[in-house]
2 protein chains.
Amino acid sequence: MTPTKAPGRGEDTRSALVATGRRVFAHSGYDGASVRRITREAGTNLGAITYHFGSKRGLYEAVLTHVLTPLVDRVGEAAARAGRPIERLGCVVEVFFDYLAANPDLPRLMLQEVAAGRPAPDAVVAIIQRNAMYITGILKEGWADGSLRPGHPLLSALSVVSQPVYMTLMAPLIRQVGGVDLGDPGTRAEAAAHVMAFVRSGLAFASPEAE
Amino acid sequence: MTPTKAPGRGEDTRSALVATGRRVFAHSGYDGASVRRITREAGTNLGAITYHFGSKRGLYEAVLTHVLTPLVDRVGEAAARAGRPIERLGCVVEVFFDYLAANPDLPRLMLQEVAAGRPAPDAVVAIIQRNAMYITGILKEGWADGSLRPGHPLLSALSVVSQPVYMTLMAPLIRQVGGVDLGDPGTRAEAAAHVMAFVRSGLAFASPEAE
DNA sequence: GAATAATTCATACGTTCGTATGAATACCGG
DNA sequence: CCGGTATTCATACGAACGTATGAATTATTC
C-alpha cells in the first residue's frame, strides 16, 4: 500500500516499477513475487508491467541491469585509481561491501537468476564480464610488477568477490547462527577489514610494513 | 499427522519425495516448484506430500536437513582428524568442494531459504551452528599453538566457506562469463587447489616448507 | 481370515497467477 | 480547440496453484 514513488506519468511509472520490483523480487524470488503485488506497491495499475516491459520477465531483467550497473561502474573506478595493485584490490573489496550493504537485494537477485538454470540474459553477462575484467586487470598488473603471487586470474577474482557477496547474502543466517549482525555498520566495517586483510595475505607477497 | 517411524512402503514414498523435492526446489525455487510436479516426478500421488509432510513447506524443511546433515558430518570428520590445523582447514575446503560438486543443489536451496527473509527453521540453524563450531574449533587450536594468524573466529570461518559455496553456486555464470567450467572434475580440482592455497596464505603464518 | 490401521488415490474447492482487451483519460503539436 | 498518440485503468479469462476430502487399496495384528 506504500507507493515507492508517486507515478506522475510515463517515466515515473517505469522507475517506480523497477524500484518496487527490485525489492519484491529480492524478497520473494521471481515466482514468489506477483505482478499484482508489485504494481500495487508501486502505486500503478495492474497492466503497467505488461505495457512498459512487455512481461513480468521483462521487468525482472530491467531490474537486474539497473542494480548491477552502478556496482560495476564503481569497481571500474576503484580499478582505475592510482596506487599499488594490492591496495586497489582492497578498494574493490570495500566497494563491494559498501554497495552490497546499501543494496542487499543485489546478491539475492543475482543468485536467484543463476539458480534458475536458464542462461543469463546477454546484458547481464556483459556487465559481469566487465566486472571480471576490472579485477583481473589489477591482478595482472600485480603479477607484472612482482607484487602479487601468480595464480589463475578468474579464480583469484572470484576469491576476492566471493567473501563480500557471501557475507552479505548470509547476513540473516549469520546473525541467527553466530550472533554477528552484519547489518550494523561497525560490524560490517570489521568484516570488511577482515576480508581486506585476508585477501592481502592470500594474494600478495609478504611486504615489510605489512599491516 | 506425520508418522515419525512409518513402516513399509511409506518410507519409500517419503524418500522419493525428498529426493525429487530437493532437485525440483533447487531448480525452480520454492514457489516455482509445484506440488503437482514433485509428486508426479516422484511417481507418487498428488496428496502424498500433504500426507507425509503435512504441507509443501514441511517437505522443504525435510529436504534442507537431509541435504545439510551429511555435509556437516563430513566437515566434523575432517576437523577431528590428526594433523596440523592448517592442513585440516584444507581438508574442510576439499570436503566442501567435493560435497557441493556432488550436490550442487545445496547452495541453491540454502540461498533460497535465506533470501526468503523468514527466520530459518531451528533444525537448520542447529546444523549450521555445528558446522561453524567445527571450523572455529580448528582455528582456535591454530591460534593456541601459534600456527595461525589470530582473527575473528566466525569471520574467518566464513572466509573459508564462502569460496567453495560461491564458486559452486555461480558455476553456470562463471562458464558463461569466463569460459571456466567448474563442472569439469579437473577444473574443479584446480579451483579447490587454488582456494586451499589462498586460505593457507590468508590464515597461516608463513611456514618454511610451505607448499 | 477378519478387523484395524496405514497408505494411496481421484477428485473437488477456492484462490491466485500472468496476461489480454478495450474503454477511459491525459498529454501535445497544430 | 482539436485530433492523435501515449498512458492509465477496470475487468475478464484460462490456467495452475496448495490443500481438503473421502473412498479404495494395501499392510499389520489378533
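Sequence lines set the chain letters: A, B, ... in the order given, protein chains first and strands last, and positions in each chain run from 1.
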### Query
Does a nitrogen or oxygen in the side chain of A:Thr13 sit under 4.0 Å from OP1 or OP2 of D:dT7?
no

### Query
Is the closest basic N to carboxylate O distance between B:Arg84 and B:Glu87 below 4.0 Å?
yes

### Query
Separation of A:Ile38 atom CD1 from C:dC17 atom P, in whole Å?
10 Å

Polar-atom pairs under 3.5 Å, protein N or O versus N or O of nucleotides 17-21 of chain D: list them with distances, or write none.
{"residue": "D:dC17", "atom": "OP1", "partner": "B:Ser34", "partner atom": "OG", "Å": "3.2"}
{"residue": "D:dG18", "atom": "OP1", "partner": "B:Ala33", "partner atom": "O", "Å": "3.3"}
{"residue": "D:dG18", "atom": "OP1", "partner": "B:Val35", "partner atom": "N", "Å": "3.4"}
{"residue": "D:dG18", "atom": "OP1", "partner": "B:Lys56", "partner atom": "NZ", "Å": "2.7"}
{"residue": "D:dG18", "atom": "OP2", "partner": "B:Val35", "partner atom": "N", "Å": "2.7"}
{"residue": "D:dG18", "atom": "N7", "partner": "B:Arg36", "partner atom": "NH1", "Å": "2.6"}
{"residue": "D:dG18", "atom": "O6", "partner": "B:Arg36", "partner atom": "NH2", "Å": "2.8"}
{"residue": "D:dT19", "atom": "OP2", "partner": "B:Lys56", "partner atom": "N", "Å": "3.0"}

#### Entry: Between C:dA6 (P) and B:Asp12 (CG): distance, integer Å
18 Å

### Query
Can the positive tip of B:Arg14 be found less than 6.0 Å from the middle of the six-membered ring of B:Phe53, inside 45° of the ring normal?
yes

### Task
Verify the contact: side-chain N or O of A:His52 to OP1 or OP2 of D:dA6, cut-off strictly under 4.0 Å; return yes or no.
no

## Note on the structure
Separation of C:dT11 atom C1' from B:Arg40 atom CZ, nearest Å, is 17 Å

### Query
Between A:Ser28 (side chain) and A:Phe25 (backbone), is there a donor-acceptor pair under 3.5 Å?
no

### Query
Looking at OG1 of A:Thr168 and CG of A:Asp105, how far apart are the two atoms once the value is rounded to the nearest 0.5 Å?
11.5 Å

### Message
Regarding A:Arg57 and A:Glu61, does a basic nitrogen lie under 4.0 Å from an acidic carboxylate oxygen?
### Response
yes

### Query
Do A:Thr69 and A:Arg130 have side chains that get closer than 4.5 Å, going by heavy atoms?
yes

### Message
Using whole Å, what does the distance between atom P of nucleotide C:dG22 and atom OH of A:Tyr51 come to?
### Response
16 Å

### Query
Rounded to the nearest Å, what distance is computed from the CG atom of residue B:Asn45 to the P atom of nucleotide C:dA6?
19 Å

